[in-house]
There are 2 protein chains.
Amino acid sequence: MPRAGLDPATVVAAGAALADEVGLDRLTMGLLAGRLGVRTPSLYKHVAGQDDLNRRIAALALSEAADAVGSAVQGRAGRDALAAAARAFRAFVLAHPGRYAATIGVEPTGPDDPMAAASRRLLEAFLAVLRGYRIAEADVDHALRMLRTLFHGFATLQAADGFQWSADIDESFAWLIDFADRGLRAG
Amino acid sequence: MPRAGLDPATVVAAGAALADEVGLDRLTMGLLAGRLGVRTPSLYKHVAGQDDLNRRIAALALSEAADAVGSAVQGRAGRDALAAAARAFRAFVLAHPGRYAATIGVEPTGPDDPMAAASRRLLEAFLAVLRGYRIAEADVDHALRMLRTLFHGFATLQAADGFQWSADIDESFAWLIDFADRGLRAG
DNA sequence: GCCAAAAGCTAATATGATTAGCCAATCGAT
DNA sequence: ATCGATTGGCTAATCATATTAGCTTTTGGC
């Protein structure tokens, strides 16, 4: 019986991929073990349990989202940066609904939690978008929360298929970006 | 053994209340049965299972949210209506996080699903807010989605404790309402 | 009062997470 | 090269929870 050669990173990556495929709620330890060619209890040598796995998937997702948004914003400013960031974020969530779902309702346990760092990086990327606008010092936090609200709200509603009615979603998304741009400019 | 006198509505109401108390993820059939003074299998005489229960809780939550937002909007227009609706929605989600969580990612099975009707009523209430603004016919759907995105995004992020950093949340919320109001006015 | 339906119950089954404890593969130091 | 400790995998067992089967008692309409 040769070893499978797993480590926490591999397990988490496979878990995230599987969550994207079948949905976070249908990600079971058994299914993940099967995917990795290993028996269920073996997973516990690499992650502490389902909670821990979920937390690690969340950290991975936040980190990847931060990368995606961060690089989308590179070299752009103002409306361009806003649109690029929004698109990057939405694309990430739609491409990886399972791992993004893992981030919802999970809090970092402490400042040394990798999730805290990833979360911070994502916020930095959002903050970079705001630098292209003339925002009063006192309003930056509010604007940051607004951006997060918009991005998170739109992505999760769409991922949950919560927009059933007629109008085209891409159009709505573009409209939303315009809306935010106007608001930030006029703020 | 006298009967407990349950019916689907009672079971669903108790389930929603319990979800609010302990969190939707910790709502188990056993816990609910205990709360109702009955053994677990008895619940299956009133709801078809956990999925069905969740779906019914979601319908209840949407219906209540529609009532709350609908009555908040009554007799108000424009910015007042927007602010009242936003506050009512947020208050509802914060007061009933468990049942609201039940609505996420659940789709009505058909047009006769009670959830569909409740969902429609909530949208009507949001639509009423928009009537106080001068919005081009073609933009109404987009604006509606924007409102839903904002309300849902803010409420869920806050409910999940996703706003950890410094600035005051109520202030951010007020700022967000201003932001939306300006945007809708200038649209 | 009688009877069908409804509402409870106990017991059984299934699935999934987790733990205990065993054993083989690997790795670092000699 | 090899010894010994560590590690990563396994099987078997336990526990929690959902769900189903099938029995029994209440209850509401006649």
Side-chain angles (χ1 to χ4, degrees), chain A residues 1-60 98-99 101-107 109, chain B residues 1-60 98-99 101-107 109:
Chain A
M1 5 23 259
R3 292 223 177 154
L6 301 182
D7 59 30
T10 314
V11 171
V12 171
L18 203 44
D20 289 339
E21 282 175 42
V22 305
L24 183 66
D25 47 329
R26 273 187 282 241
L27 173 63
T28 80
M29 297 300 268
L31 191 60
L32 177 55
R35 172 66 56 102
L36 290 166
V38 114
R39 299 314 186 99
T40 306
S42 305
L43 297 180
Y44 290 78
K45 296 287 170 146
H46 306 290
V47 298
Q50 214 167 217
D51 269 13
D52 182 45
L53 175 63
N54 191 284
R55 181 174 298 282
R56 287 169 189 251
I57 290 176
L60 175 65
R99 70 189 71 189
T103 67
I104 297 172
V106 185
E107 289 315 302
T109 55
Chain B
M1 20 198 89
R3 292 224 177 151
L6 301 183
D7 58 32
T10 314
V11 170
V12 170
L18 204 44
D20 289 339
E21 281 175 42
V22 306
L24 183 65
D25 48 328
R26 273 187 283 241
L27 173 62
T28 84
M29 297 300 269
L31 191 60
L32 177 54
R35 171 67 57 102
L36 289 165
V38 113
R39 297 315 185 99
T40 306
S42 305
L43 296 181
Y44 290 79
K45 296 287 176 165
H46 307 290
V47 297
Q50 214 168 213
D51 269 13
D52 181 45
L53 175 64
N54 191 283
R55 180 174 299 283
R56 288 170 189 249
I57 290 175
L60 174 65
R99 69 188 70 188
T103 68
I104 297 173
V106 185
E107 289 314 302
T109 55

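Residue numbering restarts at 1 for every chain, and letters A, B, ... go by the order of the sequence lines.
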Under 3.5 Å, which N/O atoms of the protein pair with N/O atoms of nucleotides 5-7 of chain D?
unit_1 : atom_1 : unit_2 : atom_2 : d
D:dT7  : O2     : A:R3   : NH1    : 3.3
D:dT7  : O2     : A:R3   : NH2    : 2.7

### Message
Nearest to the A:A4 side chain among C:dG8, D:dG9, C:dG16, which nucleotide is it?
### Response
D:dG9
### Query
What pairs meet the salt bridge (charged side-chain N to carboxylate O under 4.0 Å, His left out) rule with one or both residues in residues 4-17 of chain A, with sequence neighbours excluded?
none
### Task
Kindly state which residues belonging to residues 33-46 of chain B come within less than 4.0 angstrom of DNA chain C, counting heavy atoms of the residue only, listed by number.
B:V38, B:R39, B:P41, B:S42, B:K45, B:H46
### Task
Sequence neighbours left out, what pairs pass side chain to side chain donor-acceptor pair (under 3.5 Å) with at least one residue falling in residues 22-34 of chain B?
none
### Message
Without decimals, in angstroms, what is the distance between A:M29 CE and D:dG9 C1'?
### Response
15 Å
### Message
Please enumerate all residues that pass side-chain contact (heavy atoms from CB on, under 4.5 Å) together with B:A102, with sequence neighbours excluded.
### Response
B:L24, B:N54, B:I57, B:A58
### Query
Within this structure, what is the CD-to-P distance between B:Q50 and C:dG16, rounded to whole angstrom?
13 Å
### Query
Among residues 5-27 of chain A, which contact DNA chain C at a heavy-atom distance under 4.0 Å?
none
### Message
For the CZ atom of B:R55 and the CD atom of B:E107, what is their distance to the nearest 0.5 Å?
### Response
8.5 Å
Please tabulate, for side-chain N and O atoms in residues 30-49 of chain A, each donor-acceptor pair with protein atoms closer than 3.5 Å (sequence neighbours left out).
unit_1 : atom_1 : unit_2 : atom_2 : d
A:R35  : NH1    : A:E21  : OE2    : 3.0
A:R35  : NH2    : A:E21  : OE1    : 3.0
A:S42  : OG     : A:R39  : O      : 3.2

## Note on the structure
Sorted by chain and number, sequence neighbours left out, salt bridge (Lys or Arg N to Asp or Glu O under 4.0 Å) with B:D52 holds for B:R56
### Closest heavy-atom pair and its distance - B:A19, B:L27
CB-CD2, 4.1 Å
